[in-house]
Amino acid sequence: MTNIFIANLDWEITSEDLKTTFSAFGTVLYAHVVYEKDTKRSKGFGYIEMETADGAIAAIQALNGLEVNGRKLDVKIASPKENRPPRKEVVEKPYVKKTFDKKPGSFSSRSNPRNSNDNKENK
DNA sequence: GTTGAGCGTT
């Protein structure tokens, strides 16, 4: 199994596209494109795990520098995941109690212009 | 409707 790092991807490229592309050079065990966690948009790079290093090298040599939508792909061997923490486990949120914090003087009488004068002329 | 270096789960 060989990990491949693909960068300089177009923002519209999906994992399926990578998988399909790399499948032409060998068996793709894993295909993943990293997305923005905020905007849910693609970061423009992803990962591919191929079954054999032979197909991986072939794919790298074939796809590296490939011009896609005016940009050339950057395909290379990926770094180990162990260098960086994959993910933070979901943390359970403690009691979030909503405290009604009233500030002194906050309830001061709001000026009501209409209240000071009666428009109704009752005579 | 936007943006563009870099290495992992949106």
Side-chain angles (χ1 to χ4, degrees):
Chain A
M1 182 181 77
T2 302
N3 293 329
I4 303 172
F5 172 71
I6 307 97
N8 200 11
L9 290 171
D10 191 80
W11 297 318
E12 293 178 352
I13 300 298
T14 61
S15 299
E16 294 179 355
D17 294 333
L18 292 178
K19 182 176 182 290
T20 302
T21 302
F22 281 83
S23 294
F25 300 94
T27 302
V28 177
L29 297 178
Y30 176 75
H32 179 260
V33 174
V34 180
Y35 291 90
E36 293 285 339
K37 64 182 179 180
D38 293 333
T39 61
K40 300 294 188 296
R41 301 294 170 86
S42 175
K43 287 183 180 178
F45 67 93
Y47 297 90
I48 290 290
E49 290 182 356
M50 296 194 71
E51 186 177 10
T52 61
D54 184 41
I57 298 300
I60 291 172
Q61 291 179 351
L63 298 176
N64 188 13
L66 181 63
E67 184 177 359
V68 177
N69 291 332
R71 291 182 178 88
K72 292 182 179 179
L73 297 178
D74 186 10
V75 183
K76 63 184 72 173
I77 302 299
S79 298
K81 292 181 293 188
E82 296 176 352
N83 291 338
R84 295 191 178 186
R87 184 184 178 189
K88 182 186 290 183
E89 291 181 351
V90 56
V91 57
E92 59 183 4
K93 55 181 65 174
Y95 292 95
V96 178
K97 93 172 25 170
K98 291 180 180 178
T99 59
F100 292 93
D101 183 43
K102 58 174 66 175
K103 295 179 177 63
S106 132
F107 54 93
S108 65
S109 63
R110 57 183 61 134
S111 62
N112 192 356
R114 282 181 157 321
N115 193 6
S116 64
N117 189 356
D118 291 337
N119 287 338
K120 59 184 180 181
E121 295 175 351
N122 190 0
K123 66 173 63 167

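Order of the sequence lines fixes the chain letters, A, B, ..., with proteins taken first and strands second; residue numbering starts at 1 for each chain.
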Next on the checklist: On DNA chain B, does the nearest nucleotide to A/Lys76 precede the nearest nucleotide to A/Val33 from the 5' side, or the other way round? Give the residue.
Outcome noted: A/Lys76

Item to check | Sidechain N-carboxylate O distance under 4.0 Å for A/Asp17, A/Lys19 | outcome: no

Checklist outcome for this item: Sequence neighbours excluded, the answer for side-chain contact (heavy atoms from CB on, under 4.5 Å) partners of A/Leu29 is A/Met1, A/Thr27, A/Glu49, A/Glu51

Checklist entry - What nucleic acid atoms does A/Ile77 come within less than 4.0 Å of, heavy atoms only: base, sugar-phosphate, or nothing? => result base

Checklist entry - Counting only N and O atoms by type, is there a donor-acceptor contact under 3.5 Å from the side chain of A/Asp10 to the main-chain atoms of A/Asn69? => result no

Checklist entry - When the distance from CD1 of A/Ile13 to P of B/dT10 is rounded to whole Å, what number comes out? => result 21 Å

Next on the checklist: What is the separation between atom NZ on A/Lys40 and atom C1' on B/dT2, rounded to the nearest whole Å?
Outcome noted: 17 Å

Checklist entry - Can you check the A/Phe45 CZ to B/dG6 P distance for me, whole Å? => result 11 Å

Next on the checklist: Counting the atoms with a prime plus P, OP1 and OP2 as sugar-phosphate, which does A/Ile48 contact under 4.0 Å by heavy atoms, base, sugar-phosphate, or nothing?
Outcome noted: nothing

Checklist entry - Choosing from B/dG6, B/dG4, B/dT9, which nucleotide comes nearest the side chain of A/His32? => result B/dT9

Checklist entry - What is the distance from CD of A/Glu16 to C1' of B/dT10, rounded to the nearest Å? => result 14 Å

Checklist entry - Do the side chain of A/Ser42 and the main chain of A/Tyr35 share a donor and acceptor less than 3.5 angstrom apart? => result no

Checklist entry - How close or far is atom C1' of B/dT3 from atom NZ of A/Lys43, stated in whole angstroms? => result 14 Å

Checklist entry - Please give, in whole Å, the distance from B/dA5 P to A/Asp10 CG? => result 14 Å

Checklist entry - Can you check the A/Glu36 CD to B/dG6 P distance for me, whole Å? => result 15 Å

